[in-house]
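Read through the structure below, which is laid out as structure tokens, and then see the notes.
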Amino acid sequence: MIVDVRRLLHDERGQATTEYAILVGVLVVIAIVAIVAFRGRISELWQAITDGINSL
């Protein structure tokens, strides 16, 4: 039983997956904050793009 616990404590197979999941989560939070912070500018940019396409 003690040997199994020691083996589990030293098992690092899932470590990389967890680190990638945390990294993706942080990037998603940063993207959401950026979208909320620049909402007005993004809206203006999107409107300029649609106006440009419609004028073709």
Side-chain angles (χ1 to χ4, degrees):
M1 171 90 177
I2 294 174
V3 175
D4 291 336
V5 173
R6 286 183 185 162
R7 191 174 349 136
L8 286 175
L9 289 175
H10 294 291
D11 188 9
E12 296 180 358
R13 286 181 289 180
Q15 184 176 356
T17 304
T18 305
E19 290 170 355
Y20 283 124
I22 291 170
L23 179 63
V24 168
V26 168
L27 291 175
V28 167
V29 169
I30 290 171
I32 291 171
V33 168
I35 289 170
V36 170
F38 298 108
R39 184 182 324 167
R41 182 68 182 125
I42 292 172
S43 178
E44 292 173 10
L45 181 62
W46 187 255
Q47 187 62 41
I49 292 170
T50 56
D51 289 344
I53 291 173
N54 288 334
S55 68
L56 294 176

Note to self: Which residue in the set Ile30, Val28, Val29, Val24 passes side chain to side chain contact (heavy atoms under 4.5 Å, CB included) when paired with Val26?
What the structure shows: Ile30
Next item on the list: Hey, could you give me the CG/CD distance between Asn54 and Gln47, rounded to the nearest 0.5 Å?
Entry: 8.5 Å
Next item on the list: Would you please name every residue forming a salt bridge (charged side-chain N to carboxylate O under 4.0 Å, His left out) with Arg39, sequence neighbours left out?
Entry: none
Item checked: Spacing of Ile32 atom CD1 and Leu27 atom CG [to the nearest 0.5 Å] -> 11.0 Å
